[in-house]
There are 2 protein chains.
Amino acid sequence: MVFLSEIPPVTGNEALFCSILGNTILSTIPGISGAGPTPEKTLLTPVLDAELITRGTITSYPVKPNTPTGCPTPASITRAMMGLTGLQPLFINAGLRYLPTVPCLDVYGEIGEDPRFGPAVKHADALYKKGEWIGAFLSHQSDLLVLGECVPGGTTTALCVLRALGYTATVSSSFVENPVSKKEEICATALSRIRADQISKPLDIISYTGDPMMAVAAGIAKTYSGDLLLAGGTQMLAVSAIIKSIRSTLPGVVTTIYVRNDRSANLENIAHQIGVKIFYVDPGFEDLGHSGLARYCIGEVKEGMGAGGAMCLAYLMGYSPEVIRNRILATVNAYN
Amino acid sequence: MVFLSEIPPVTGNEALFCSILGNTILSTIPGISGAGPTPEKTLLTPVLDAELITRGTITSYPVKPNTPTGCPTPASITRAMMGLTGLQPLFINAGLRYLPTVPCLDVYGEIGEDPRFGPAVKHADALYKKGEWIGAFLSHQSDLLVLGECVPGGTTTALCVLRALGYTATVSSSFVENPVSKKEEICATALSRIRADQISKPLDIISYTGDPMMAVAAGIAKTYSGDLLLAGGTQMLAVSAIIKSIRSTLPGVVTTIYVRNDRSANLENIAHQIGVKIFYVDPGFEDLGHSGLARYCIGEVKEGMGAGGAMCLAYLMGYSPEVIRNRILATVNAYN
């Protein structure tokens, strides 16, 4: 087992971990997202995940940080890595249905709407500009930024954006059985609107069919002056595809091996089409002794809340795979 | 003329300027606050000030950054100093009526209510804890923090809190003629509620009669590990009085000489009672050649949005009084 597929060429030593929180109403369509106990409750997941990572526990709602099938959420992994490294993560609120329970750097965006029926992201330009402000601000504070996301339903918006930008893409899912046909149906309708209106500019494509996280992430990538790693799977590839049109060098993407192993998605192929380098973390959950984490290996959850990037960052900071694995196990065991 | 009364004993060199934005409904009582063209519009002032400082211009509303009588707002001074030093300020939203137009670190608080009729600050404990989180986060990012505030009507909440804590206090005002009797009337009613309920703990006093800024500022002061300067007049003395009960060393306070010269307030005496050191900036607006800035010298505006602290910080960073004064003049002239 290789813990990290390759060492990213980053040199910063004032590291910062951020994660962008956002909602798209698509996550409330039954079967689209596994990131919550019910479709409607997926809208609350970014808030609960941020609370878990910030406080180490969720007290604002009577829930455990597990999926309905008993998998520890990826936020648990991110929490474990923040505890291990002593890093204090910063959450960015790009547009949520519910008020966060912990402090967030807020751009005062709105939840993404259904791209089949109208604009998905209002004021994408303004969100992008606020992302630029955040990127410049964080450049003063750090020289290595690992930027994750938490957007339930976001693989569907990623699919729409990647296709609209001309990529041959199939995206991943937090479900073992990727609800491909539902995603394709939404994507087909969104793309027909985009084609009818002859939309081609990346920010306009976000407006039509993306989510608020994408606009903020692209703005941050535009102005951040240090080393940048995007932490996530196909959702971060959609961001990369946007960034390609606005920045000369593409930041690397880091995710888990479980996303790469998703046969319903063509992660590596999309990355090749965009020309972005992906780094894979393999935390070896199959033999960690936790049945819920082991389910990541058969395709459940896989990634989220920058968990892959958080593990990568801990490794780059000098923590060994064993220490990282043990910390994750101890953290998730403490919840149960 | 001495530009800075005394050099604060700070050693940090990774400086950060933050300002906490908040509202209290008290600012809408006619005659209480001069921080806006009408009493109702004072609620919008923190949002407009933050926009001015972040973007250098206000585009979201058709207003100029001047008071109704033609004085440049203190935010103009803060903007000038951020431009001069290259610092990128961070705004903290402690509880506002209107959504900010620029990114803010948000604690998801609410506007302060009228302390005569019920609790002024809901969930002051939660705001304080979120302030603690922010203080710890900013400790990772900087080693010198200049912390300002923008709370129209905040001298009245400061009066209530200082009196409730047992200090002999009269507070300053953005008006030339301090509406002392109105403030005293509000304070008397608030204090009678506090006495009736035998409230004495500082956070409880904020709950009864403070504003959301105070709770967040106190939390930040509790955990910030670098050098801290509170930037403001009597409002920051109210924060100091709270901090005194929760932190062993009191941060210094920095403000303008125009607040010290306010004969309707006893700034120096309050500071002496608390045991806090105050530093005064005298930017010499009387001979800068701008009639609006000169009105600061006869007691208008005086201070706000951490303007005194921003000038102090620029000076500590090595900018000469002449360079600072010229930058302020050029900035305010550009608006007119």
Side-chain angles (χ1 to χ4, degrees), chain A residues 14-18 20-21 47 50-51 53-56 59-60 82 85-96 98-110 123 126-145 215-216 219-220 223-225, chain B residues 14-18 20-21 47 50-51 53-56 59-60 82 85-96 98-110 123 126-145 215-216 219-220 223-225:
Chain A
E14 293 282 340
L16 182 62
F17 180 90
C18 288
I20 306 177
L21 314 179
V47 169
E51 181 174 327
I53 296 170
T54 300
R55 297 192 188 151
T59 58
S60 61
M82 296 301 110
T85 58
L87 291 171
Q88 196 168 341
L90 176 66
F91 294 101
I92 297 165
N93 181 347
L96 291 169
Y98 298 104
L99 278 189
T101 54
V102 298
C104 293
L105 190 53
D106 203 319
V107 298
Y108 303 104
E110 293 170 38
H123 314 298
L127 292 182
Y128 174 77
K129 279 193 197 312
K130 287 173 179 174
E132 286 187 313
W133 182 92
I134 292 173
F137 176 74
L138 298 180
S139 299
H140 285 272
Q141 318 301 323
S142 64
D143 57 9
L144 168 57
L145 175 63
V216 175
I220 292 173
T223 57
Y224 186 71
S225 62
Chain B
E14 294 282 339
L16 182 62
F17 179 90
C18 287
I20 305 177
L21 314 179
V47 170
E51 181 174 327
I53 294 169
T54 300
R55 298 193 187 151
T59 57
S60 61
M82 296 300 109
T85 59
L87 292 171
Q88 195 168 340
L90 176 66
F91 294 101
I92 297 165
N93 182 349
L96 291 169
Y98 297 103
L99 278 189
T101 54
V102 298
C104 293
L105 191 52
D106 203 319
V107 297
Y108 303 103
E110 293 171 37
H123 314 299
L127 292 182
Y128 174 77
K129 279 193 195 311
K130 288 174 179 175
E132 285 187 314
W133 181 92
I134 293 174
F137 176 75
L138 297 180
S139 298
H140 285 273
Q141 318 301 325
S142 64
D143 57 9
L144 168 58
L145 175 62
V216 176
I220 292 173
T223 57
Y224 187 71
S225 62

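Quick caveat, the model's predicted, so the values are computed rather than measured. Quick note on labels: first sequence line is chain A, next is B, and so on, each numbered from 1.
- Top candidate by heavy-atom pairs under 4.5 Å with chain B, chosen from A:Leu105, A:Ile134, A:Asn93, is A:Leu105.
- Residue contact with chain B, scored on non-hydrogen atoms closer than 4.5 Å, is absent for A:Leu138.
- With hydrogens and angles disregarded, a donor-acceptor distance shorter than 3.5 Å links the side chain of B:Gln88 to the backbone of A:Trp133.
- A distance of 9.5 Å separates CZ in A:Arg55 from NZ in B:Lys129, rounded to the nearest 0.5 Å.
- Counting heavy-atom pairs closer than 4.5 Å to chain B, the top residue among A:Leu87, A:Val102, A:Leu90 is A:Leu90.
- Partners of A:Ala126 by side chain to side chain contact (heavy atoms under 4.5 Å, CB included), not counting sequence neighbours, listed by chain and number: A:His123.
- The choice from A:Ala136, A:Gly86, A:Pro89 that makes the most heavy-atom pairs within less than 4.5 Å of chain B is A:Ala136.
- Contact record, A:Tyr108 with B:Asp106: OH-OD2, 2.6 Å, taken as the closest heavy-atom pair.
- What you find for A:Leu16 and B:Gln141 is that their closest heavy atoms are CD1-NE2, 3.8 Å.
- For A:Thr101, the part lying under 4.5 angstrom from a heavy atom of chain B is the backbone only.
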